[in-house]
Structure formats: structure tokens, C-alpha cells
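As a basis for the values below, the full set of heavy atoms in this structure was taken, side chains included, without hydrogen atoms, waters or symmetry mates.
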Amino acid sequence: MLTYRKLLQEPQVAKSLICMSLDKFELAHTDHLEAVTTTRKNQKRRRVVSTGRKHKCDLRDRLLMTLFWLKAYTTYEVLGFIYDLIKTNIEDNLKQVLETLECLTHFNFDRPPAERRKLRYMRLIIDAKEQRIERPKNRKDQDGNVQDRQKPYYSGKKKTDTLKNQVAVSPTWLIEHVSESVPGSALHDMRLLRQTDSLSGLGEGEAAMLDKGYDGIRTDYPDKRLYLPFKARRIHPLSEEQRAYNHFLAKYRMVVEHTLTQLNKFQILAQRFRHQLAKHSVIFRIVAGLVNQRIQLRPFKQYQPA
């Protein structure tokens, strides 16, 4: 069994799996369980929280189980075999820990401007991430007509059904903002940016950097400082100066590319997503929060704006 005590004997493995202080998690998890209002069929539970049958795994092992599941994305059957639990118990344990991790996940750019840490010059580097999903099944409505649920999720770029998230990263490699998950073909990257309206939160003297997929976004935000590479047209090829400028921006855009690579180290965001699509947004935010914890523990090379 993969336990916390056993993991302490392998510090290198523990460093890859645990991205936060366990003491901090225990306090937050205990407070969260006490504050949660548990109701069943609009009736308050008769017993207080923490009474009843005890968990087979303690809090540390349940946290470790959840982190291992996010990193490896095994099936519930495989995870139950490792921890000697049935599928239902695995699902309940993961659900409780994921709820706590969701409460602990906060992003700096989502806070009110007065409480937000401000950066001069380059503030956000924005990109989108697509992930494969199980192909939705068409269903019939009450009139017997077939509802095409597959078309909105089919991405012509990836040639498969996907979900898309917008990620905004700071020059310090930390994830500042994560959008809700949307169908892969329903929203183009620029349409998703318009929907989230992230650029309107830029303060005075702050700028954002985007890629060629956001060509034309300057017309929506004429008062914002936006850095985009030049895009070649059919009758207007790029000049040498424009190519040099694009090459210059590409070096700094590697910040968001490396951060997206950190997200893909969690296999739940790299493999085909097998769970309910409604849970994807929460899972994505949790993993993004864990990536921020990992980067804060071991910072990367800092981005120096010119």
C-alpha cells in the first residue's frame, strides 16, 4: 500500500507527489469539514461531523491517494487494489479531498484589484489548452429527435473531441487565472478570451502577451498594452524586422509553454478525460493550484522584461 509513512522513506518520490505542507492541509481540511453543511434530501444530518465509522486511511494517506490519482490518473479499480478499498470508498475519499483542495485554490488575478499583486510592464501571458475527452453520446429528446452532442466538442485542430481552458501566466511562471472548461469547437481562442474578459482587469502600466491565434484582439481593447506576433498574410509576407520581432516574443512566451507542460505532468490533464465533463473545470483549477504550489517551492528562472 502506498502510505505517507512509506513515502517519507523515499524523499525524491515524495517531492514529486506532495506539493504542499501536510500540516497546512490538515488544518484547512479539518476546518472545511466542520464548516460544511451536510444535508440529505433537505434534511440536516442527525450526527455531527467526524462521528460514525472511521476511515480506513487517515488524512495524510487520503491526501496522498488523491495526489497520486491526479498524477497517474489510474482507474478507481486500480486505485482500490493499491489501497485495498472498494470502488465506492475510493470515490468517496477522493471527493472529500478534492472539495478541500478546491477551497484552497486561489489565483492572484481573480482577486479584487485592491488586493491584487501588481506587476509593471508584462502582467499576463495568455494561451489556451485543449484536452481530449470521451466522445459524447447522442441522445433523443422527448419528441424522438436525435440531439447532436458531439459536434460542439469536435476540434478540427486536434481532430478529436476536446475541452478547452484559457490559462493566464505571470512572468514569474505562476498561473494567475484559469477559465471554465468549454467545448473544443464551440469557442475559438479569441472568442474565449472575449468571454472571460481577462484583459479588462489589466491595470495602468500593465501589459499582456498573446500568440497569433488572438490576431485582431487589439480592436476590442484599444486602451490596453498588448504584445502579439505579426501574422503573415497571403499577399503580405513578413519582413525581416517582423520575423525578428516574432522571434523575440517567442522567447518570452516560453513561460506559458513551460507552465502548460507542468500541467501535463498531472496525467488527469494529459490523458483522455474519462469522467463527467462538468467536473473538468474543478479538476483543472485544482491541478493549476498544485502546479503553483510546486513552482513556489522550486521557482524557475525568472522572466526579465526588456
Side-chain angles (χ1 to χ4, degrees), residues 1-11 13-41 43-106 131 133-134 178 181 263 265-294:
M1 181 187 300
L2 182 60
T3 61
Y4 176 76
R5 182 177 299 179
K6 184 178 180 180
L7 189 63
L8 288 179
Q9 301 175 5
E10 299 290 341
V13 178
K15 196 172 184 179
S16 300
L17 287 179
I18 301 176
C19 304
M20 68 170 59
S21 171
L22 286 177
D23 296 335
K24 176 182 177 182
F25 178 84
E26 287 181 5
L27 294 176
H29 189 57
T30 302
D31 295 340
H32 174 67
L33 290 179
E34 293 178 353
V36 169
T37 303
T38 55
T39 57
R40 297 178 180 178
K41 297 181 180 180
Q43 296 180 357
K44 293 184 179 180
R45 59 181 299 164
R46 299 177 181 178
R47 294 182 298 182
V48 298
V49 179
S50 75
T51 58
R53 189 174 181 179
K54 302 298 181 181
H55 287 277
K56 183 177 181 179
C57 302
D58 59 12
L59 185 58
R60 287 188 176 93
D61 290 339
R62 279 182 280 152
L63 171 60
L64 178 59
M65 178 196 307
T66 306
L67 294 177
F68 175 75
W69 178 71
L70 292 174
K71 290 294 293 290
Y73 198 35
T74 62
T75 61
Y76 289 162
E77 291 79 6
V78 173
L79 202 60
F81 176 79
I82 296 175
Y83 284 93
D84 193 20
L85 294 172
I86 62 175
K87 179 180 177 179
T88 304
N89 290 341
I90 289 291
E91 188 173 4
D92 292 340
N93 289 336
L94 294 179
K95 180 180 179 181
Q96 294 177 1
V97 179
L98 288 175
E99 289 177 352
T100 304
L101 291 175
E102 182 183 3
C103 295
L104 295 175
T105 303
H106 303 284
Q131 181 182 1
I133 61 173
E134 297 287 343
V178 171
S181 303
L263 291 174
K265 287 187 176 181
F266 290 82
Q267 292 300 307
I268 195 170
L269 296 185
Q271 299 181 17
R272 188 184 299 271
F273 192 74
R274 302 187 301 268
H275 289 76
Q276 296 179 4
L277 301 185
K279 297 181 179 180
H280 188 267
S281 295
V282 175
I283 295 294
F284 199 99
R285 286 183 61 87
I286 290 174
V287 173
L290 293 175
V291 168
N292 279 350
Q293 291 282 346
R294 185 173 184 175

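- With hydrogens and angles ignored, the 3.5 Å screen pairs a side-chain donor or acceptor of Y73 with a backbone N or O of R274.
- With rounding to the nearest 0.5 Å, the separation of NE2 in H106 from CZ in R285 is 8.5 Å.
- The CE atom of M65 sits 7.5 Å away from atom CG of D61, with the distance rounded to the nearest 0.5 Å.
- Here the straight-line distance linking atom CG of L269 with atom CD of Q271 works out to 10.5 Å at 0.5 Å rounding.
- Classification of the Y76-W69 ring pair by plane angle, with boundaries at 30° and 60°, yields tilted.
- Judged by distance alone, with hydrogens and angles left aside, the side-chain atoms of T105 form no donor-acceptor pair with the main-chain N or O of I286 at under 3.5 Å.
- One finds the CD atom of Q131 at 8.0 Å from the CD1 atom of I268 (value rounded to the nearest 0.5 Å).
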- Can I283 and F266 be said to form a side-chain contact (heavy atoms from CB on, under 4.5 Å), step by step? CA-CA 11 Å; I283 295 294; F266 290 82; over 6 Å; no

- Item | CA sep, side-chain torsions, deciding dist, call: L98, T66, side-chain contact (heavy atoms from CB on, under 4.5 Å) | CA-CA 7 Å; L98 288 175; T66 306; 3.7 Å; yes

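- For the pair S181 and S281, the tightest heavy-atom approach, listed with the atom from each and the gap, is N-OG, 2.9 Å.
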Atom pairs and distances, donor-acceptor, side-chain atoms in residues 77-85, under 3.5 Å, two or more places apart:
residue : atom : partner : partner atom : Å
Y83     : OH   : L2      : O            : 2.9
D84     : OD2  : K56     : NZ           : 3.0

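- Residue V97 is tested with L94, T100, L101 for a side-chain contact (heavy atoms from CB on, under 4.5 Å); the sole match is L101.
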